Q: 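This structure is in structure tokens; I'll ask about it shortly.
Here the structure is a predicted model, which means the values were calculated and not measured.
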There are 2 protein chains.
Amino acid sequence: MYVTNPSEFAAEASFAPLHISCPHSVETQLKPGAYLFYEGDEVEWLYQVTSGVVRLTRLLSDGRRQVIAFGYPGDIVGFPADGLHHTDCEALTETRLQPFRRSILETGDGDPKMHRDLLQAALREISAMQDHFMMLGRKSANEKLASFLCVLAERVGKDLGSSRSVTLPMSRSDIADFLGLTTETVSRTFTQLRKSKIIAIENIHTIIIQRPTALLGLSKGE
Amino acid sequence: MYVTNPSEFAAEASFAPLHISCPHSVETQLKPGAYLFYEGDEVEWLYQVTSGVVRLTRLLSDGRRQVIAFGYPGDIVGFPADGLHHTDCEALTETRLQPFRRSILETGDGDPKMHRDLLQAALREISAMQDHFMMLGRKSANEKLASFLCVLAERVGKDLGSSRSVTLPMSRSDIADFLGLTTETVSRTFTQLRKSKIIAIENIHTIIIQRPTALLGLSKGE
DNA sequence: CGCGGGATTGACCCGTATCAAATACTGTGG
DNA sequence: CCACAGTATTTGATACGGGTCAATCCCGCG
């Protein structure tokens with residue numbers, strides 16, 4: 001999951017679960033904190049998240065970290081480049097994943113439909129990442145966090161009538177490293193949104209979006 | 001072209017020109033300033049840059065711009081998502097491109113080898129973009145510009161013995177919008193590098209890298 | 001030779017980082 | 001179930017990098 005402009009997001013979210021017809025593809029389970037793969041690992045499988053949330057990260061030698069994406073149900077993680085994983089992947093919650101052989105993506109290997117679906121997923125990934133560039137390069141802390149919450153609300157929020165609740169399985173520093181901020185700034189920005197009554201913080205991992213339209217406005221810099 | 005860690009870059013640069021065996025694929029020519037496609041256009045063709053340089057950009061409604069990538073010879077531009085282009089593409093110099101039907105990427109369509117090559121290019125693109133995330137989100141202005149120059153030097157620089165010359169066909173504001181900075185900051189950072197004798201500015205579009213090792217060090221934040 | 005648009009430089013300011021302290025949570029063992 | 005320790009989060013004070021706005025410079029071009 002990348003942070004895209006919410007209004008555009010709808011068009012990209014239409015990722016139907018892939019049909020399961022892959023030999024040797026027993027669903028994989030991960031406990032919170034467990035790693036699915038590491039940067040540099042040979043890619044054998046791609047995975048579609050079935051339930052739960054995973055986090056893709058990349059590290060700089062001096063310890064700076066960038067969260068590349070969060071993997072929510074429907075998302076494909078583990079695209080290879082030159083046969084290798086280029087991120088670490090850790091489960092944030094109890095997570096189930098449907099594995100697909102790398103060869104299905106790369107050679108088709110007996111399943112043309114799945115091949116095409118995985119390819120389309122890769123292409124959508126490129127487009128979604130382009131949106132995220134805009135966010136990292138050109139948006140303020142406020143806009144970043146507002147966009148982040150809007151996307152999550154649209155994708156996995158629970159409707160509460162006039163407001164909407166969002167669960168954040170990731171830590172503040174995960175959010176910070178995803179948005180290119182510090183934890184302190186993320187925290188302060190949450191506080192600011194809370195004080196302006198746009199959101200309420202039910203608990204650390206649960207945000208109530210009280211004024212969705214205002215939040216959407218903020219995300220676009222209005 | 002994205003800005004990746006130069007040392008990693010070598011591994012990703014190994015993109016052999018695709019074999020040309022596509023029906024109806026006459027090489028396309030563009031003059032500087034000409035557009036190849038716009039955001040929202042239906043994708044009919046992908047292109048491999050043969051010579052010259054193109055620029056991929058995305059706009060926010062309020063005018064903020066993000067340069068997504070520069071397309072140098074060997075690069076593939078125009079990957080579709082849901083059948084559409086999601087960036088504008090403008091030629092910065094006289095440019096020649098080899099078109100490939102979108103169907104070759106998406107369905108294989110009679111040319112399995114090309115299909116595989118295009119797919120691999122897309123996957124490498126994803127990985128390269130992940131590197132660029134790190135840059136946009138986690139690097140200082142100094143590190144960004146140093147990284148940018150290092151990558152260009154490695155990829156298209158001319159060897160001058162102990163130093164190296166790089167041609168920059170793009171404007172300062174293109175560089176700024178690529179790195180998530182302002183033109184003023186890009187300009188100041190150039191000046192700073194010049195004053196510390198790491199680079200010399202032969203003219204606006206030609207940089208001499210006098211101390212490549214120092215520049216590489218800066219790019220990694222040392 | 002003068003015009004115009006990009007590039008550079010300067011002065012100043014603001015947003016976000018940094019460093020530090022207080023507070024809130026989470027899990028563990030008794 | 002409570003006490004405690006360790007960790008995450010929030011809050012505060014301050015610093016600084018890079019943005020903003022404005023002036024000047026430079027170079028290509030008519």
Q: Please report, rounded to the nearest Å, how far the P atom of dT9(D) is from the CD1 atom of I207(A).
A: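 Distance, rounded to whole Å: 11 Å.
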Q: Over how many whole Å does the gap from L193(A) atom CG to dT9(D) atom C1' extend?
A: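 Distance check: L193(A) CG to dT9(D) C1' gives 16 Å.
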Q: Under a plain distance cut-off of 3.5 Å, with no hydrogens placed, do T167(B) and H205(B) share a side-chain donor-acceptor pair?
A: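 Looking only at side-chain atoms, T167(B) and H205(B) do not form any donor-acceptor pair under 3.5 Å.
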Q: Write out all pairs satisfying salt bridge (charged side-chain N to carboxylate O under 4.0 Å, His left out) with one or both partners inside residues 177-193 of chain B, taking only residues at least two apart or from two chains.
A: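 As it turns out, the salt bridge (charged side-chain N to carboxylate O under 4.0 Å, His left out) pairs with a partner in residues 177-193 of chain B, which skip direct neighbours, are R138(A)-D177(B), R65(B)-D177(B).
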Q: What is the distance, to the nearest angstrom, from the NZ atom on K139(A) to the P atom on dG19(D)?
A: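 Nearest whole value for this atom pair: 17 Å.
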Q: Is it true that Q192(A) and T189(A) share a donor-acceptor pair across their side chains at a distance under 3.5 Å?
A: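 Looking only at side-chain atoms, Q192(A) and T189(A) do not form any donor-acceptor pair under 3.5 Å.
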Q: Would you kindly say whether S147(A) and K139(A) are connected by a side-chain donor-acceptor distance under 3.5 Å?
A: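 On atom types as modelled, these side chains qualify, holding a pair under 3.5 Å.
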Q: Please work out which residues in residues 183-191 of chain B have a non-hydrogen atom less than 4.0 Å from an atom of DNA chain D and list them by number.
A: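 Residues of residues 183-191 of chain B that come under 4.0 Å of DNA chain D are, in numerical order, E184(B), T185(B), R188(B).
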Q: Quick check on DNA chain D: between S171(A) and R138(A), whose nearest nucleotide comes earlier from the 5' end?
A: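 The residue mapped nearer the 5' terminus is S171(A).
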Q: Rounded to whole Å, how long is the line connecting atom CD of Q192(A) with atom C1' of dG12(D)?
A: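 Rounded to whole Å, this separation is 15 Å.
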Q: Test side chain to side chain donor-acceptor pair (under 3.5 Å) on E27(A) and T50(A) and set out the steps.
A: CA-CA 9 Å; E27(A) 209 174 48; T50(A) 309; 3.2 Å; yes
Q: Distance check needed: dT7(D) P versus H205(A) NE2, whole Å only.
A: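 Rounding to the nearest Å, NE2 of H205(A) and P of dT7(D) are 16 Å apart.
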Q: Rounded to whole angstroms, how far apart are CG on L145(A) and P on dT10(D)?
A: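 Whole-Å distance recorded here is 11 Å.
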Q: Roughly, in whole Å, what's the span from CD1 in I201(B) to C1' in dC25(D)?
A: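 The answer, rounded to whole Å, is 14 Å.
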Q: What side-chain donor-acceptor pairs closer than 3.5 Å can you find for residues 209-218 of chain B, not counting sequence neighbours?
A:
unit_1  : atom_1 : unit_2  : atom_2 : d
R211(B) : NH1    : S196(B) : O      : 3.2

Q: From the 5' end of DNA chain C to its 3' end, which nucleotides mark the outer limits of contact with chain B, defined by a 4.0 Å heavy-atom distance cut-off (strictly under)?
A: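 Nucleotide range in contact with chain B: dA7(C) to dA11(C).
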Q: Determine whether a donor-acceptor pair (N or O, by modelled atom type, separation under 3.5 Å) exists between the side chain of T191(A) and the backbone of S187(A).
A: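 Checked: pair present.
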Q: Salt bridge or not for R58(B) and D88(B), using N-O below 4.0 Å?
A: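 No, this pair does not count.
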Q: So which one's nearest nucleotide on DNA chain C is more toward 5', G180(A) or S173(B)?
A: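 The 5'-side residue here is S173(B).
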Q: Which ring-ring contact (aromatic ring centres under 6.0 Å, His included) pairs, counting each pair once, include a residue from residues 143-185 of chain B, with sequence neighbours left out?
A: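 For residues 143-185 of chain B, and leaving out neighbouring residues, the ring-ring contact (aromatic ring centres under 6.0 Å, His included) pairs sorted by first residue read F70(B)-F178(B), H132(B)-F178(B), F148(B)-F178(B).
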Q: Quantify the bending of the helix from dC1(C)-dG30(D) to dG30(C)-dC1(D) as the angle between its end axes, each fitted on five pairs, to 10°.
A: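 It works out to 40° between the end axes.
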Q: Examine R172(B) relative to F190(B) and say whether NZ or CZ is less than 6.0 Å from the centre of the six-membered ring and inside a 45° cone about the ring axis.
A: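 Flagged: R172(B) positioned over aromatic ring of F190(B).
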Q: Relative to the 5' end of DNA chain C, which residue comes earlier, N142(A) or R194(B), by the nucleotide with the nearest heavy atom?
A: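 In this pair, the answer is R194(B).
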Q: Could you state the atom-to-atom distance from CG of L181(A) to P of dT10(D) in whole Å?
A: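 After rounding, the reported distance stands at 14 Å.
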Q: Under a 3.5 Å cutoff, is there a donor and acceptor pairing between the side chains of E125(A) and Y2(A)?
A: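 On atom types as modelled, these side chains qualify, holding a pair under 3.5 Å.
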